[in-house]
Structure formats: structure tokens, C-alpha cells
Amino acid sequence: MMESRLKEQLKASALILDMGVAVPVRPFKYLTRKRSPMHVVMRTPGLGGLMRIANLYLSMGVSYAEIKDYDCEQNMRLMQQHGVTISRIVAYALVRGRLTGRCLNRLVAWWLRWRVHPLFLQEAMFQLLTMLNPQSFQTIINSVELINPMKPSLSPSESGS
């Protein structure tokens, strides 16, 4: 119980601060001999990007609960059937602009398919779906409603307090 509450608070703080999730990318080995590992940061997209992501996610026909319980073979089958869609979802989170998201999405998705390990790509999509899950904020919204300073107090109006 306490661990799940801590996870929800961490997800909420990461989403509020928009720190993003780092996705490791294979470095180009032919440019230099020894190169440090690279990563790109996947941040929470705006409403337009969320609508594009939701459209792609719903076209996959797989639920969040199903993906969470997949084993290795089912993960490979998911990547085989929906690898292009998963890479496009992560690309929409990387390229968040209105026009750049439209123009560069397929190019960035292609680049991700060739430079990111498939399990990291799938985990990045899963983390994005976890961050976008509005159920985590229900606890925060309920607690803010309880301590709302703008809410009138229950003191009697005749006392003048």
C-alpha cells in the first residue's frame, strides 16, 4: 500500500515537473572509436500530441493492463505486430511541436527503430502510458479538494468570523 502510494507520488511529480524519461540510444560507432552512451529525453506532449498518441494507441487494440502482464514471447509478438506504431508513439513524445510532430514523426520513428533496443522502445511507450494515466492524479485531486483554502469554512455566519 505504502509502496504503491510512493510510486503514484513519483509519477505525479515527474509529470508535473515534466522532467521526462531518458531513452538510451546506440551511439554511432563509425564516427569515433570510443563514444559515451547517448540518450534522448521523452517529455510529456501537449494536448495535440496526446490526441495523436491516443489515436495510435487505440488503433493497436491492446489494453494497458494486458501489456503490463506480458511475458517475453508476448512482448516479442507485440513488437512484431505493432513495432512501427510503438516507435511512432515514442516519436510523438520526442518531437512535440505542432508542425515538427507532423513532419518529423515518421523520420524520428524510423531512426528509433534502428538506434534503440526494442525492449527499451517498448518500455518507453509503457512509461509514457503510465505517466499519462489520469487515475494517478485522483489521490492528489482529492487531497487538494480537502485542503482548498478558497472553500468557505463551516463557522456560523452570525458570529462574524
Side-chain angles (χ1 to χ4, degrees), residues 1-140:
M1 172 91 176
M2 188 67 141
E3 186 178 273
S4 67
R5 180 178 286 168
L6 181 63
K7 279 185 177 180
E8 287 181 5
Q9 289 174 354
L10 288 174
K11 278 193 307 188
S13 66
L15 184 61
I16 289 171
L17 295 176
D18 196 25
M19 294 178 64
V21 176
V23 179
V25 178
R26 292 183 197 134
F28 294 110
K29 293 181 183 176
Y30 59 89
L31 294 177
T32 60
R33 281 200 87 111
K34 194 172 191 182
R35 180 122 178 165
S36 62
M38 296 173 37
H39 68 277
V40 291
V41 178
M42 182 179 69
R43 290 187 169 84
T44 308
L47 182 60
L50 290 178
M51 291 168 56
R52 292 173 184 163
I53 288 171
N55 187 18
L56 288 172
Y57 172 69
L58 293 175
S59 72
M60 286 175 39
V62 181
S63 71
Y64 177 79
E66 290 175 5
I67 295 173
K68 193 166 62 170
D69 296 331
Y70 275 2
D71 62 355
C72 183
E73 184 177 319
Q74 291 171 327
N75 280 332
M76 294 306 284
R77 190 173 294 118
L78 178 73
M79 288 305 292
Q80 175 202 3
Q81 294 173 350
H82 304 290
V84 174
T85 308
I86 289 171
S87 65
R88 289 192 62 205
I89 287 172
V90 175
Y92 272 129
L94 290 173
V95 185
R96 302 183 304 162
R98 188 175 112 203
L99 293 176
T100 55
R102 259 303 169 205
C103 297
L104 298 177
N105 179 272
R106 291 182 190 271
L107 179 66
V108 171
W110 173 83
W111 182 75
L112 286 172
R113 283 193 297 272
W114 287 101
R115 301 309 303 169
V116 177
H117 192 276
L119 294 178
F120 288 135
L121 196 60
Q122 184 178 358
E123 184 63 28
M125 185 200 68
F126 188 71
Q127 288 296 323
L128 178 67
L129 295 176
T130 303
M131 283 192 326
L132 298 178
N133 189 2
Q135 211 168 27
S136 301
F137 285 113
Q138 195 61 41
T139 308
I140 296 171

Using side chain to side chain contact (heavy atoms under 4.5 Å, CB included), reason through R102 and R52 one step at a time and then give a plain yes or no.
CA-CA 10 Å; R102 259 303 169 205; R52 292 173 184 163; 3.6 Å; yes

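- Under a cut-off of 6.0 angstrom, the local environment of CE in M76 is sparse, with at most 12 non-hydrogen atoms contributed by other residues, nucleotides or ligands.
- Atoms CG and OG, on L56 and S87 in that order, are 9.5 Å from each other to the nearest 0.5 Å.
- In this structure, Q127 and E123 have side chains that are in contact, with non-hydrogen atoms separated by less than 4.5 Å.
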Working for side chain to side chain contact (heavy atoms under 4.5 Å, CB included), residues H39 and F120
CA-CA 11 Å; H39 68 277; F120 288 135; over 6 Å; no

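- A donor-acceptor pair under 3.5 Å links the side-chain atoms of Y57 to the main chain of V62, judged by distance alone.
- Remark: the backbone N or O of L119 is not paired with any side-chain donor or acceptor of Q122 at under 3.5 angstrom.
- Annotation: the span from R96 atom CZ to M42 atom CE amounts to 11.0 Å, rounded to 0.5 Å.
- A distance of 8.5 Å separates CG of D71 from CZ of R77, quoted to the nearest 0.5 Å.
- Shown are I67, V23, T85; of these, the side chain to side chain contact (heavy atoms under 4.5 Å, CB included) with M125 is made only by I67.
- Of the inter-residue distances, the one linking I89 atom CD1 with H82 atom NE2 reads 10.0 Å to the nearest 0.5 angstrom.
- Counting heavy atoms from C-beta outward, L128 and I53 have side chains that approach closer than 4.5 Å.
- Looking at N105, its side chain does come within 3.5 Å of a backbone N or O of R88 through a donor-acceptor pair.
- No side-chain heavy atom of V116 sits under 4.5 Å from any side-chain heavy atom of V40.
- The nearest pair of heavy atoms linking A91 to L112 is N-CD1, 3.9 Å.
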